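Working notes, structure below.
When reading the values below, keep in mind they use all heavy atoms of this one structure, side chains included, and skip hydrogens, waters and symmetry mates. What you see is a predicted model; the values in this text were computed from it and never measured.
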Amino acid sequence: MISGPAGAGKTTVASEWASSNDTESIHLSLDSFREFVKSGYRNPELGWNDETQRQLDLARSNVSAVAINSANAGFEVVIDDAVFPSWEAVGIDRWREALSPFEIDLVVLLPSWDAVFERNAARSNNRKLPEAMLKTIYDDMSGWREHPDASVIDSSELTVDQTLAEIKRVLND
């Protein structure tokens, strides 16, 4: 699983990991599954409520089902999602439950604030976040730096290929 704040590069890196892997691989993005909802979509950027949580839980359940089916068929699976270290509703334990009996290797891309800010500013689609929200997410994600459940990579100055090499290094250590 690849996580990190908005602008960390998790979707790009996860997609490239799956594309460049030597074995059959699948990339699943939680955001893509959330966006299957066309009418009644609850954007978490506009506030968190029971319906936002319900839609997140549905997306996680669907991603997990595809991931488990794919893993059982012999595929390697990489999932990207913004998993927070101190927020149970969007934390790693929910993923562990959903993906059981499979274990999760959690890699958190945590570039510098300046890098995240610049990457977000370059976005031209609906994933561009207001600065205040971006900063809140970034600060919340910073808790991974001291968390035992994650391998944290500062990808501020790394290319996608360099980030992939670093992920392989930390997963093989």
Side-chain angles (χ1 to χ4, degrees), residues 1-21 25-36 43-45 52 55-56 59-60 62-64 66-67 70-71 75-87 89-96 98-99 102-131 133-147 149-172:
M1 177 161 295
I2 298 178
S3 188
K10 57 191 171 289
T11 301
T12 300
V13 168
S15 179
E16 187 58 30
W17 179 87
S19 297
S20 66
N21 207 344
S25 302
I26 292 177
H27 166 220
L28 302 170
S29 176
L30 184 87
D31 283 345
S32 295
F33 278 71
R34 284 184 42 72
E35 292 169 357
F36 286 164
N43 188 337
E45 297 168 29
T52 308
Q55 290 182 17
L56 171 72
R60 184 187 301 113
N62 289 336
V63 167
S64 297
V66 173
S70 300
F75 287 82
E76 291 210 19
V77 178
V78 61
I79 299 169
D80 79 80
D81 181 27
V83 180
F84 289 81
S86 301
W87 186 8
V90 290
I92 193 65
D93 287 339
R94 295 277 178 113
W95 276 112
R96 285 190 179 117
L99 291 170
F102 293 96
E103 292 195 23
I104 298 171
D105 290 319
L106 177 62
V107 175
V108 178
L109 303 180
L110 200 52
S112 69
W113 164 248
D114 290 340
V116 167
F117 181 80
E118 287 176 24
R119 292 173 187 175
N120 184 65
R123 289 179 167 181
S124 59
N125 60 19
N126 63 344
R127 297 205 194 270
K128 187 174 185 174
L129 297 177
E131 183 179 348
M133 178 168 288
L134 185 69
K135 182 69 169 139
T136 297
I137 292 169
Y138 183 82
D139 289 346
D140 286 350
M141 287 279 179
S142 293
W144 283 121
R145 285 188 187 8
E146 305 302 322
H147 204 285
D149 287 340
S151 298
V152 177
I153 296 172
D154 180 349
S155 58
S156 302
E157 303 294 328
L158 302 179
T159 65
V160 172
D161 287 341
Q162 290 169 330
T163 303
L164 289 171
E166 186 63 11
I167 289 171
K168 288 176 184 174
R169 186 192 67 73
V170 299
L171 291 180
N172 290 323

Check your understanding: Looking at side-chain heavy atoms only, is the closest gap between I137 and M133 below 4.5 Å?
Key -> yes
Practice item. Report the distance from atom NZ of K128 to atom CG of N120, rounding to the nearest 0.5 Å. Key: 6.5 Å
**Study point:** Nearest atoms (heavy-atom pairs only) where S25 meets A18
**Key:** CB-O, 3.5 Å
Check your understanding: Under 4.5 Å between any side-chain heavy atoms of D139 and W113, yes or no?
Key -> no
Return all side-chain donor-acceptor pairs below 3.5 angstrom for residues 2-15, not counting sequence neighbours, or 'none' if the list is empty.
| from | atom 1 | to | atom 2 | distance (Å) |
| --- | --- | --- | --- | --- |
| S3 | OG | D81 | O | 2.8 |
| S3 | OG | V83 | N | 2.7 |
| S3 | OG | V83 | O | 3.4 |
| K10 | NZ | G4 | O | 2.9 |
| K10 | NZ | P5 | O | 3.1 |
| T11 | OG1 | D80 | OD1 | 2.9 |

Exercise for review: For residues D149 and R96, determine if any side-chain heavy atom of one lies less than 4.5 Å from a side-chain heavy atom of the other.
Suggested key: yes
Revision key, fill the gap. Minimal heavy-atom distance between P111 and D154, with the atoms involved, is CA-OD1, 3.5 Å
Study note, to complete from the structure: Heavy atoms of N172 and K168 approach each other most closely as ND2-O, 2.9 Å
Study note, to complete from the structure: Of all heavy-atom pairs linking V77 and S70, the shortest is CG2-CB, 3.9 Å
Point to revise | Atom CZ of F84 with >12 non-hydrogen neighbours under 6.0 angstrom | key: yes
Review point. Does the side chain of F117 reach to within under 4.5 Å of the side chain of K135, using non-hydrogen atoms?
Key: no
Practice item. Indicate yes or no for a side-chain donor-acceptor contact from S155 to the backbone of L158 under 3.5 Å, with no hydrogens or angles considered. Key: no
Check your understanding: Taking only residues two or more places apart in sequence or in another chain, which ones pass ring-ring contact (aromatic ring centres under 6.0 Å, His included) with F102?
Key -> none
**Study point:** With W144 via ring-ring contact (aromatic ring centres under 6.0 Å, His included) - residues at least two apart
**Key:** H147
Revision key, fill the gap. Rounded to the nearest 0.5 Å, the CG atom of L56 sits from the OG1 atom of T52 at a distance of 9.0 Å
Practice item. To the nearest 0.5 Å, tell me how far I104 CD1 sits from I92 CD1. Key: 4.0 Å
Point to revise | Nearest-0.5 Å distance that lies between atom NE2 in H27 and atom CH2 in W17 | key: 10.0 Å
**Study point:** Separation between OG of S64 and CD1 of I79, rounded to the nearest 0.5 Å
**Key:** 6.0 Å
Check your understanding: For F36, which residues count as a ring-ring contact (aromatic ring centres under 6.0 Å, His included) partner, sequence neighbours excluded?
Key -> F33
Check your understanding: Mind checking what makes salt bridge (charged side-chain N to carboxylate O under 4.0 Å, His left out) contact with R34, not counting sequence neighbours?
Key -> none
Practice item. With sequence neighbours excluded, give me every salt bridge (Lys or Arg N to Asp or Glu O under 4.0 Å) pair touching residues 156-166. Key: E166-R169
Review point. So do the side chains of N62 and V66 get within less than 4.5 Å of each other, counting heavy atoms only?
Key: no
Study note, to complete from the structure: dist M1:CE -> L99:CG (nearest 0.5 Å) comes out at 6.0 Å
